[in-house]
Structure formats: structure tokens, C-alpha cells
Amino acid sequence: MDRFITLKIIDVLMKRLNIDLGERSYDILIGRNILPQVGEFISKRFEPSRSIIITHPSVRNLFGEKLEPGLVNAGYSPGIIEIPEGEISKSLQQAELVYDRMLEMNCDRKSTLIALGGGVVGDLTGFIAATYQRGIPFIQIPTTLLSQVDSSVGGKTAVNHPRGKNMIGAFHQPKLVVVDLDTLQTLPKNEFKAGLAEVIKYGIIADEKLFTFLENNTKEILSLNRDCLQYIIETSCAIKAKVVEKDERENRHRMILNFGHTFGHSIETLTNYTEYLHGEALAIGMIQAAWLSVETGECSEDVPIRITNLLKKFNLPVHSPNLKSEDVISSMYHDKKTTHNKLRFILVKNIGSVEIVDDVPELAVKAALNKNH
Ligand code: NAD
Ligand code: MG
């Protein structure tokens, strides 16, 4: 991507993308084996009084040895707070346990949190950073594909409420995002493929070239070819950065990142979050959103067919589970992304171009759901 600056640090090639949000601007650094340099990256940007790593025990086992010595060398001996794995950790109760530990450790307003892990760790750490002593700095070190291309960038932080996901949260941008591509080597395959659904989404909403690259390099991507990973991750981050720069707080334009998500959320909700990973539900949701776009005259049938074929190549699910369309539609009205009882969707015009359409008729939604059975 032409927005990137290539930096050579020791023998490692690294890309730097700056996300321009005025005083909240920050760098996204993407490269191989760059965890040992994180201390150095921090010291060039700001001066924390101390650092605290928030992570899962298993993720610390995998990457702690790479990350921690560099922080010590840079003068930030990190405190460590470990949290249990799973969505369950995105809770106010878990946040309170972390606040307790931080108070015990005498964390002050210049202490910096380091989120090491996937989106669960990132969202919880960001939420704690947004609220502890009215807001402290944090950095993101995402280790799942989903968190590298999506949740670590853009400043949405949240915990869940028993009545809904991400219901309690804040916008709080990180000071730095460090994506070490080597972390993906240990990621379970199903988690990797779920992250790919978000990458495919970026192709659909903004970049036909990325979409075509995914079509032509499926095997290499699935075998974690590092050049392919570098390209798809930096391209995805650049697309998200551009959208967030234009509309940081999701007044409207940022909604395009939700392509396929209204359908996907219904599937997740109606299957009680037990049958599909988010990216898997999104795969089906994107196909349904594309069929809806055919129904409303936005695009031709070639578009949903091309999307379906690509998802199949990555072995992502393409058929909806057996759900009643009335249930799907009523769960859409409950989705926080619909306002004033109108169904709003992101519709696709061509691969690489979408638009936000308010007040889509229910009949068209039903017809789209029928096309995907
Ligand atoms: P996750 O954080 O639960 O990680 C998935 C699993 O992978 C975990 O068990 C984790 O321990 C393990 N893991 C992480 N890195 C690993 C590695 N390198 N090797 C081996 N195992 C590893 O799941 P996720 O998909 O990363 O994130 C999902 C969360 O992200 C959801 O809560 C969702 O709401 C949130 N999210 C937030 C945003 C945002 O903008 N803030 C955007 C999208 C999603
Ligand atoms: Mg998503």
C-alpha cells in the first residue's frame, strides 16, 4: 500500500502506517518477529511510568519470552495481569478484578497497558484503559488474525452486559498497534479462517484488488505464506484506518465496516453464540447481504456468486442454518445497529464498492434469506 513507509530495523523489514486522528493519531507497525522491539517502539513515542501486560496464561506462554525482555531493556519492567480465556472475560466483573490489581500495583495516570492477545484481551484492556483514573494510555499487540485486521485498530473498546454484547464501552484509541505476523503460526486454523472473513469483507467494501488477490492466492494464504499475510494484513489495516479517519465515532460512513454483520449477528444470536465463530457467521451474513443487494437492484447475481465461491475456497460456511425468517427479522430490530425501527443495511454495488441504505423493505430481506437456504 502506498500509505506505508518501509522501515528497516536490524535485519527485519517492517511497515509503518500512521492513522491520522489529530492528537489521537498513532502508528500501526506490521512485521515479522518484532515483539522483541516493542520496548524500543514505545520509548520512541512516549514515556510511560510503567507498563502492565494484560493477557491470557496460554498467550503469555507463547509470546511472553519474546516480548518481556525487550520491555525490561527499555526500562519498563512489566507487571503482568492474566485473565481467563473466552468472551466471558469481557465483563464488568473481570474489569473490576483488573482495576483491583492495578491499584495494588500503584498504577498511575502515566502507566501504560499492553494488550497481548486477541480481540477479547484487546477490548477488555482498551475499556480498562479508557476508564482507569479517567483514561490512561494503552497499546495493542494483537495475536489473532481478527484482532490484527479489525479489533486492534479504530479505538472501539467494550465489555458485554448480560443483555447484549459490547453494550458498555468507550471510544479510546491506542497509542500504538504492533502486529507481529509470526504470532499467527500458532493460531488454530478455524480462528485463522474466521479472521479471513473480515479480510474478505474489506475486499468487498473497498478493494477489488484485495478480493482478487484472495481468489488467486488461497492456498498460499492458508499455508500462512508470510508475504501474503503481510499484504492482506497491511491492506486491511489501511482500509480500516481510512474509514476511521473519515468517521471515527461511526456517525455514518464507518457503518460500511458492518457489511454482512446485521445478518451475521442474527445467526449468532439465534444460535446462542455456540455454533459459529463470529467470522463464520459473518461469512454467511455477507452472502445474505449480497443477495439482498440483488433484490434491491444494487448489483447483479454475479456478486453473491463470486463472494460465495471465495468463501467456499477458504472452507468458510456459506449456507444459513435453518432459521425462521420472522425470527431473523425480529432479531435484526433488536440489533443495536438498527435505529427507529427501520432496517438499515450496507449493500454492495460491485466488489469493492458499497453503500448504506436506510429503510430496506422487510420483503426484500425475506427474499434474500430464501435465496441462501
Ligand atoms: P479471542 O480474543 O477470544 O481469541 C481467540 C482464541 O485464540 C483465544 O482462546 C486466545 O487465547 C487464542 N489465541 C490468541 N492468539 C493466539 C495465537 N497467536 N496462537 C494461539 N492461540 C491464540 O477472539 P478474537 O476473534 O481475536 O476476538 C473476538 C473479540 O473481538 C470479540 O469479543 C469481539 O466483540 C471483538 N471485536 C472487537 C472489535 C473492535 O472494534 N473493538 C472488532 C471486532 C471484534
Ligand atoms: Mg466483525
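Both counts, for ligands and for their atoms, begin at 1 and track the order of listing. Everything numeric in this text was worked out from a predicted model, so none of it was measured. Throughout, residue positions are numbered sequentially from 1 according to the sequence presented.
- Residue-ligand proximity, E87 to ligand 1, at heavy-atom distances under 4.0 Å covers atoms 31 (C), 32 (O).
- For atom 6 (C) of ligand 1, the closest non-hydrogen atom of the protein is E191 OE2, 4.0 Å.
- Between the choices G279, A194, P188, the shortest heavy-atom distance to atom 21 (N) of ligand 1 belongs to P188.
- Protein heavy atom closest to atom 15 (N) of ligand 1, with residue, atom name and distance, is T143 OG1, 2.7 Å.
- Taking any N or O of T183, backbone or side chain, at least one lies under 3.5 Å from an N or O belonging to ligand 1.
- When heavy-atom distances to ligand 1 are checked against a 4.0 Å cut-off, L62 comes that close only through its side chain, counted from C-beta outward.
- In this structure, S89 contributes its side chain and I83 its backbone to no donor-acceptor pair below 3.5 Å.
- In this structure, the side chain of Q140 does not engage the main chain of I114 through any donor-acceptor pair within 3.5 Å.
- Residue H278 places no heavy atom under 4.0 Å from ligand 1.
- For the pair G119 and ligand 1, the shortest N or O to N or O distance falls below 3.5 Å.
- Near V59, meaning under 4.0 Å from one of its heavy atoms, ligand 1 places the atoms 11 (O), 14 (C).
- For atom 26 (O) of ligand 1, the nearest non-hydrogen atom of the protein is T144 OG1, 2.6 Å.
- The closest side-chain donor-acceptor pair between Y76 and T112, if any, does not fall under 3.5 angstrom.
- The contact set between ligand 1 and K165, taken as ligand atoms under 4.0 Å from a residue heavy atom, comprises 31 (C), 32 (O), 33 (C), 34 (O).
- Side-chain atoms of R109 never come within 3.5 Å of backbone atoms of P137 as a donor-acceptor pair (strictly under, hydrogens ignored).
- Put simply, the residue from R45, K44, K175 that forms a side chain to side chain donor-acceptor pair (under 3.5 Å) with D27 is R45.
- Residues H172 and F127 keep their aromatic ring centres 6.0 Å or farther apart.
- Classification of R3 and E234 as a salt-bridged pair fails, no side-chain N sitting under 4.0 Å from a carboxylate O.
- Checking side-chain atoms of N350 against main-chain N and O of S353 turns up no donor-acceptor pair under 3.5 Å.
- With hydrogens left out, the protein atom closest to atom 1 (P) of ligand 1 is V120 CG2, 4.0 Å, a heavy atom.
- Between the side chain of S152 and the main chain of S147, a donor-acceptor pair closer than 3.5 Å is present.
- Nearest non-hydrogen protein atom to atom 44 (C) of ligand 1 is L146 CD2, 3.7 Å.
- Across the listed options T186, V244, L277, T186 owns the non-hydrogen atom lying nearest to atom 19 (N) of ligand 1.
- Residue-level proximity to ligand 1 for K90 is carried by the side chain, the only part with a heavy atom below 4.0 angstrom.
- Not a single protein heavy atom sits closer than 4.0 Å to atom 12 (C) of ligand 1.
- In terms of heavy atoms, V120 sits closest to K90 at O-CG, 3.9 Å.
- Considering each of E85, Q140, K156, the one bringing a non-hydrogen atom nearest atom 8 (C) of ligand 1 is E85.
- Using cut-offs of 30° and 60° on the angle between ring planes, the pair H261 and H278 is tilted.
- The shortest contact between atom 35 (C) of ligand 1 and any protein heavy atom is with D123 OD2, 3.4 Å.
- Side-chain atoms of K240 come within 3.5 Å of backbone N or O of V153 as a donor-acceptor pair.
- For E198, the nearest N, O or S atom to the Mg ion (ligand 2) falls under 2.8 Å.
- Geometry about the Mg ion (ligand 2) gives an angle of 100° between NE2 of H261 and NE2 of H278, rounded in steps of 10 degrees.
- In summary, the atoms of ligand 1 found under 4.0 Å from a heavy atom of D150, numbered by their order in the structure, are 42 (C), 43 (C).
- At a 4.0 Å heavy-atom cut-off, ligand 1 touches N166 through the side chain alone.
- Closest protein heavy atom to atom 22 (C) of ligand 1: L187 CD1, 3.7 Å.
- For H265 and H334, the distance between ring centers is not under 6.0 angstrom.
- The F63 neighbourhood of ligand 1 comprises atoms 17 (C), 18 (N), with distances under 4.0 Å to a heavy atom of that residue.
- With hydrogens and angles disregarded, a donor-acceptor distance shorter than 3.5 Å links the side chain of D247 to the backbone of R252.
- Contact annotation for T157 and ligand 1: no heavy atom of the residue comes within less than 4.0 Å of the ligand.
- The main-chain N or O of G352 is never found under 3.5 Å from a side-chain atom of D207 such that the two would form a donor-acceptor pair.
- Counting only heavy atoms of the protein, atom 38 (C) of ligand 1 lies nearest to S151 CB, 3.2 Å.
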